[in-house]
Amino acid sequence: MVREIIETASTVVGIIGGVIILWGVLLITLRLLRLELKRFRQGSIYHQRETLRHQLGSYLLLGLEFLIAADIIGTIVHPTLK
């Protein structure tokens with residue numbers, strides 16, 4: 001029973017990590033498209049694009065931290081030498 005709870009927790013944490021990454025990619029893609037359309041009217045958007053890159057990186061890092069946590073939790077249940 002404890003093993004099932006830990007496996008479920010690992011799966012849930014992994015799904016949360018994937019959702020965070022997908023949400024960040026969708027959000028930043030929409031913002032980038034809006035920014036690129038703005039570029040045609042105003043010119044340089046270099047600094048805004050760099051800000052978007054940093055924001056995407058933070059979503060990716062947060063999602064990866066959840067995925068790593070899921071792997072660690074899964075390793076508790078199924079330890080191997082691989």
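Not measured: the values here are computed from a predicted model.
A single hydrophobic cluster is not seen to contain both Leu26 and Phe66; linkage of ILVMFWY side chains at heavy-atom distances under 4.5 Å, directly or through other members, places them apart. Cluster annotation: Ile72 is not connected to Leu62 through the hydrophobic network of ILVMFWY side chains, with a link wherever side-chain heavy atoms come within less than 4.5 Å. Linking ILVMFWY residues whenever their side-chain heavy atoms come closer than 4.5 Å, directly or via other members, leaves Ile21 and Leu61 in distinct clusters. Hydrophobic cluster membership differs between Ile6 and Ile15, with clusters built from Ile, Leu, Val, Met, Phe, Trp and Tyr side chains linked at under 4.5 angstrom. Hydrophobic clustering of Ile, Leu, Val, Met, Phe, Trp and Tyr side chains at less than 4.5 Å, counting indirect connections, unites Trp23 with Ile20.
Dense packing is recorded around NE2 of His78, with more than 12 heavy atoms of other residues, nucleotides or ligands lying under 6.0 Å away. Counting heavy-atom neighbours within 6.0 Å of Glu4 CD, excluding the residue itself, gives a total of 12 or less.
Nearest heavy atom pair, residue Ala70 against residue Gly14, reads CB-N, 3.5 Å.
Taking CG of Asp71 as the reference point, atom CG of Leu64 lies at 10.5 Å (rounded to 0.5 Å). Annotation: the span from Leu52 atom CG to Ile45 atom CD1 amounts to 8.0 Å, rounded to 0.5 Å. Rounding to the nearest 0.5 Å gives a distance of 9.5 Å between CG of Leu60 and CD1 of Ile28.
Panel note: side chain Thr11, backbone Glu7; a donor-acceptor pair is recorded below 3.5 Å. Side-chain atoms of Ser10 do not come within 3.5 Å of backbone N or O of Ile73 as any donor-acceptor pair.
Residues Thr8 and Val12 have side chains in contact (heavy-atom distance under 4.5 Å, counting atoms from C-beta outward). Contact check for His54 versus Glu50: side-chain heavy atoms found under the 4.5 Å cut-off. Counting heavy atoms from C-beta on, the side chains of Leu27 and Tyr59 come closer than 4.5 Å.
For the residue pair Gln55 and Arg31, a side-chain donor N or O sits within less than 3.5 Å of a side-chain acceptor on the partner.
Remark: Glu36 pairs with Arg39, Arg49 by the salt bridge (Lys or Arg N to Asp or Glu O under 4.0 Å) rule, at least two apart or across chains.
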